[in-house]
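Residue indices begin at 1 and follow the sequence shown. In what follows, every heavy atom counts, from backbone to side chain, and hydrogens, waters and symmetry copies are set aside. All figures in this text were calculated on a predicted structure; none of them were measured in a lab.
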Amino acid sequence: MAKLIYSMFTSLDGYAEAAEGDLGSGAEDEEVHTFIGDTFRHLGTYLYGRRMYETMVFWETAHALPDVPPYIAQYARDWQAAEKVVYSTTLESVSSAKTRIERSFDPDAVRRLKAESDHDLSVDGPTLAAHAIAAGLVDEYHLFITTSVVGGGKRFFPDGVRLDLDLVEQRAFENGLLYVRYQTR
């Protein structure tokens with residue numbers, strides 16, 4: 001059975017999306033980006049909401065940019081190789097291969113997808129992840145914690161859900177970013 005992984009950058013005060021501005025630096029760092037690529041290369045399916053998909057579809061053509069660094073080209077190839085499911089009631093069509101639209105998030109369908117998959121899945125975006133967390137579907141949480149306090153926005157973890165987790169891995173990067181990986185008990 002495959003695992004469902006929720007992973008995002010989060011501010012030091014726990015926001016996956018800042019109310020104003022960005023979450024701070026870290027993702028653009030080669031060391032961090034290479035680590036992310038190596039960590040998630042095994043994923044077979046990404047579950048996205050519309051907004052996250054519209055952000056991530058950049059990787060469909062990123063490998064073709066002029067003077068693209070090898071670690072960026074590799075991440076693009078890995079992203080392109082995975083299946084993508086976009087949950088949206090408004091998105092008319094997709095602009096990437098191996099991508100389908102689902103009009104609503106069905107926890108039972110995701111359970112079946114996990115049971116039938118040979119590769120782990122990722123749920124991305126705090127809104128969609130909140131549905132998966134509330135349904136008890138998320139097996140691991142990967143947090144990339146920036147050095148910024150943003151004061152508000154969309155929280156990494158949804159309110160009203162209790163989780164008891166075990167720390168499995170941690171790493172500090174030279175730029176101050178922290179990576180922590182937890183699994184559910």
Side-chain angles (χ1 to χ4, degrees), residues 2-12 15-102 113 117-129 140-150 153-154 156 169-181:
K3 294 181 290 189
L4 181 61
I5 298 167
Y6 172 37
S7 177
M8 288 200 65
F9 278 76
T10 180
S11 64
L12 194 55
Y15 293 96
E17 289 182 18
E20 294 183 22
D22 60 30
L23 294 175
S25 62
E28 69 285 348
D29 183 271
E30 180 177 352
E31 178 190 20
V32 173
H33 209 286
T34 300
F35 178 82
I36 291 170
D38 292 345
T39 300
F40 297 111
R41 182 164 293 125
H42 71 284
L43 293 178
T45 305
Y46 291 99
L47 308 179
Y48 294 129
R50 179 192 52 82
R51 287 183 52 223
M52 183 58 70
Y53 172 71
E54 288 173 344
T55 298
M56 296 302 291
V57 76
F58 162 81
W59 296 105
E60 186 71 6
T61 57
H63 66 286
L65 295 172
D67 302 320
V68 65
Y71 67 95
I72 296 292
Q74 181 63 53
Y75 187 87
R77 286 190 296 275
D78 295 339
W79 188 85
Q80 293 161 14
E83 298 290 326
K84 278 77 74 180
V85 180
V86 183
Y87 297 91
S88 175
T89 58
T90 59
L91 191 64
E92 300 280 331
S93 63
V94 295
S95 55
S96 57
K98 298 184 176 186
T99 306
R100 72 177 194 271
I101 298 172
E102 294 289 337
L113 190 58
S117 182
D118 294 331
H119 300 283
D120 290 341
L121 301 89
S122 175
V123 58
D124 297 294
T127 302
L128 184 61
E140 287 190 1
Y141 298 84
H142 296 238
L143 290 79
F144 291 86
I145 304 167
T146 70
T147 58
S148 297
V149 173
V150 299
K154 287 190 180 177
F156 182 91
E169 183 180 0
Q170 58 188 335
R171 178 176 174 174
F173 292 91
E174 284 187 32
N175 67 2
L177 189 85
L178 295 176
Y179 165 74
V180 291
R181 177 170 65 103

Worksheet item: Counting only heavy atoms not in Q170, do more than 12 sit closer than 6.0 Å to its CD atom?
Response: no

Discussion item. Counting C-beta onward and ignoring hydrogens, is there a side-chain heavy-atom pair between V32 and F9 closer than 4.5 Å?
Written reply: yes

Discussion item. Nearest 0.5 Å, please: how far is CD in E60 from OG in S96?
Written reply: 5.0 Å

Worksheet entry | Minimal non-hydrogen separation, I101 against V94, with atom names | CG1-CG1, 3.6 Å

Worksheet item: Can a donor-acceptor pair be found between the side chains of Y48 and T99 at a distance below 3.5 Å?
Response: no

Fill in: Pairwise side-chain contact, L65 with I72, heavy-atom cut-off 4.5 Å (strictly under)
no

Worksheet item: With under 30° as parallel and over 60° as perpendicular, where do the rings of Y141 and Y6 fit, or are they tilted in between?
Response: perpendicular

Fill in: Backbone N/O of A97 and side chain of Q80: donor-acceptor pair under 3.5 Å
no

Fill in: Nearest heavy-atom neighbours spanning L43 and H119
C-CB, 4.3 Å

Worksheet item: Is any side-chain heavy atom of D29 closer than 4.5 Å to a side-chain heavy atom of E31?
Response: yes

Worksheet item: Of the non-hydrogen atoms in S95 and V57, which two are nearest, and what is the gap between them?
Response: OG-CG2, 3.5 Å

Worksheet item: Is any side-chain heavy atom of L128 less than 4.5 Å from a side-chain heavy atom of M52?
Response: no

Worksheet item: Between the side chains of Q74 and R77, does any donor sit under 3.5 Å from an acceptor?
Response: yes

Practice prompt. Measure the CG-CZ distance between L178 and R171 for me, rounded to the nearest 0.5 Å.
Written response: 11.5 Å

Worksheet entry | Shortest non-hydrogen contact from S148 toward L23 | CB-O, 3.3 Å

Discussion item. Within a 6.0 Å radius of atom CZ on R51, are there more than 12 heavy atoms belonging to other residues, nucleotides or ligands?
Written reply: no

Worksheet item: Can you find a heavy atom in the side chain of I145 that is under 4.5 Å from one in the side chain of F156?
Response: no

Response to the item:
Here the pair of heavy atoms bringing L121 nearest to A2 is CD1-CB, 3.7 Å

Item to complete: Measure the spacing between CG of L4 and CG of D120 and express it to the nearest 0.5 Å.
Response: 9.0 Å

Worksheet item: Got a second to check how far K3's NZ is from S117's OG, nearest 0.5 Å?
Response: 12.0 Å

Practice prompt. Looking only at non-hydrogen atoms, find the nearest pair between Y46 and F40 and report the distance.
Written response: OH-O, 4.2 Å

Worksheet entry | Separation between CG of L143 and OH of Y179, rounded to the nearest 0.5 Å | 9.0 Å

Practice prompt. Quick one: sort the W59 and H33 rings into parallel, tilted or perpendicular, breaks at 30° and 60°.
Written response: tilted

Item to complete: Using the ring of W79 (Phe, Tyr or Trp, six-membered ring only), decide whether K84 places NZ or CZ under 6.0 Å from its centre and within 45 degrees of its axis.
Response: yes

Discussion item. For the CD atom of E140 and the CD atom of E169, what is their distance to the nearest 0.5 Å?
Written reply: 9.0 Å

Item to complete: Please report the C-alpha distance between D124 and M56 in whole Å, then the side-chain angles of each, then the deciding distance to 0.1 Å, and finally whether the side-chain contact (heavy atoms from CB on, under 4.5 Å) criterion is met.
Response: CA-CA 10 Å; D124 297 294; M56 296 302 291; 5.9 Å; no

